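Quantities reported herein were computed from a predicted structural model and do not represent experimental measurements.
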Amino acid sequence: MLDILSDNWLLFLIGQYPNGPLGGLALTLILSIAGLLLSFPLSVLLALCRTGAITPLRWASAVIVYAVRGMPIVMLVFWSYFLVPALIGHSVTGVMTLIPTLVIYEAAYLSEVIRAGIQALPQGQQEAARSLGFGYWRTTSLVILPQAISNMIPGIVTQFISTIKDTSIGYVISVQEMTYSANSVNNNLLTQPFQVFAILALTYFCVCYVLTQLAARFERRTTGKRTETTTPPRRTLFAKRPLRRV
């Protein structure tokens, strides 16, 4: 395994770049970040529709979320592969096919994370904002969403980890991400598939493990700060007591 890694580490890392297209781990991370960032506004919109008071929007957003979550991602990949060129009138690369797929797929899952964060907030937050004269949009944008998203950062990081693993589906449309690079190495060697894909599995594990630990650490810090702000100070034996009048 060490010999394979020493001879092909650059292909695993950046693909054929600069002599060819960017690939490997670098493209995997770029696709994951782009998919998460581009899906975030759509996921917020879906979460607000799911928690809003307008019944048609609530039902329509629920249908979209359940329909997308009920589909295998490979089906969305093939739909994007044939639908995107038909919509824009010319062929596109595999990367431009995979990004819309990730946006739609991750928005459905991320919207549920944000919806849970909104519903976990005390009802008094919204009532206090309304009592100050804030309308729906000011209450949502200035009071509700900042708190919900802050509380849901560990869940968002977890969804980012899932996105990293979902990018491997790009292999079926020749996107040169990390799985594609590993298969290229395997095609060159032919006799060591177990070692090659063991390196691929370890790479995915290391990246996802580091992000999981960061999410857990942030969650502990957030929980600690919330506990400090909500726990009243203890009275000690030498605390000052009010003087009694004689």
### Query
Is there a side chain to side chain donor-acceptor pair (under 3.5 Å) between Thr179 and Tyr204 once you walk through the steps?
CA-CA 10 Å; Thr179 304; Tyr204 275 116; 3.0 Å; yes
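When side chains are defined from C-beta on, Leu102 does not count as touching Leu38, because their heavy atoms never get closer than 4.5 Å. Here the side chains of Thr139 and Ile144 are in contact, with some heavy-atom distance below 4.5 Å. Side-chain atoms of Ser162 and Asp166, non-hydrogen and from C-beta on, do get closer than 4.5 Å to each other. Within the 4.5 Å cutoff, the side chain of Leu98 has heavy atoms near those of the Ile169 side chain.
With values rounded to the nearest 0.5 angstrom, Ile73 atom CD1 is found 8.5 Å from Thr167 atom OG1. Separating the CD1 atom in Ile14 from the OG atom in Ser181 is a distance of 10.0 Å, to the nearest 0.5 Å. Taken to the nearest 0.5 Å, the CD1 atom of Ile114 stands 9.0 Å off from the CG atom of Leu46. The distance from the CD1 atom of Ile199 to the CZ atom of Phe194 is 10.5 Å, given to the nearest 0.5 Å. To the nearest 0.5 Å, atom CD1 of residue Ile161 and atom CG of residue Leu211 are 5.0 Å apart. Atom OG of residue Ser32 and atom CD1 of residue Ile30 lie 10.0 Å apart, to the nearest 0.5 angstrom.
Residues Gln147 and Leu121 share a closest heavy-atom pair of CB-CD2, 3.8 Å. In this structure, Ile88 and Val92 approach most closely via the heavy-atom pair CD1-CG1, 3.2 Å. Residues Leu36 and Ser39 approach most closely at O-OG, 3.0 Å, considering heavy atoms.
Checked by atom type and distance alone, the side chain of Glu177 pairs as donor or acceptor with a backbone atom of Tyr180 at under 3.5 Å. Proximity of a side-chain donor or acceptor of Asn186 to a complementary backbone N or O of Ala182 within less than 3.5 Å is not detected. A donor-acceptor pair under 3.5 Å is absent between the side-chain atoms of Thr140 and the main chain of Trp137, judged by distance alone. Checking side-chain atoms of Arg58 against main-chain N and O of Cys49 turns up no donor-acceptor pair under 3.5 Å.
Thr97 and Ser80 share no side-chain donor-acceptor pair at under 3.5 Å. With hydrogens and angles left out, the side-chain atoms of Thr163 and Glu106 include a donor and acceptor closer than 3.5 Å.
Among pairs with a residue in residues 23-36, none fulfils salt bridge (Lys or Arg N to Asp or Glu O under 4.0 Å), at least two apart in sequence or across chains. Within the structure, the salt bridge (Lys or Arg N to Asp or Glu O under 4.0 Å) test picks out the following pairs touching residues 31-52 (sequence neighbours left out): Arg50-Glu112. Sorted by first and then second residue, the ring-ring contact (aromatic ring centres under 6.0 Å, His included) pairs with a member in residues 25-59 form an empty list; sequence neighbours excluded. Within the structure, the ring-ring contact (aromatic ring centres under 6.0 Å, His included) test picks out the following pairs touching residues 73-132 (sequence neighbours left out): Tyr105-Tyr109.
No more than 12 heavy atoms of other residues, nucleotides or ligands shown are found within 6.0 angstrom of CE on Met96.
When the side chain to side chain contact (heavy atoms under 4.5 Å, CB included) test is applied to Ile33, the partners found at least two apart in sequence or on another chain are Leu37, Phe160.
Following chains of ILVMFWY side-chain contacts shorter than 4.5 Å, one cannot reach Leu48 starting from Leu42, and the two form parts of different hydrophobic clusters. Under a hydrophobic clustering in which Ile, Leu, Val, Met, Phe, Trp and Tyr are joined whenever their side-chain heavy atoms come within less than 4.5 Å, directly or via other members, Val103 and Ile173 fall into the same cluster. Hydrophobic clustering (ILVMFWY, side-chain heavy atoms < 4.5 Å, transitive): Ile104 and Leu31 are in one cluster. Residues Ile118 and Leu45 are members of separate hydrophobic clusters, defined by side-chain heavy-atom contacts under 4.5 angstrom among Ile, Leu, Val, Met, Phe, Trp and Tyr. Linking ILVMFWY side-chain heavy atoms closer than 4.5 Å, directly or via other members, places Phe12 and Leu27 in two distinct hydrophobic clusters.
Counting Ile, Leu, Val, Met, Phe, Trp and Tyr side chains that sit under 4.5 Å apart, directly or through other members, Ile54 shares a hydrophobic cluster with Leu57.
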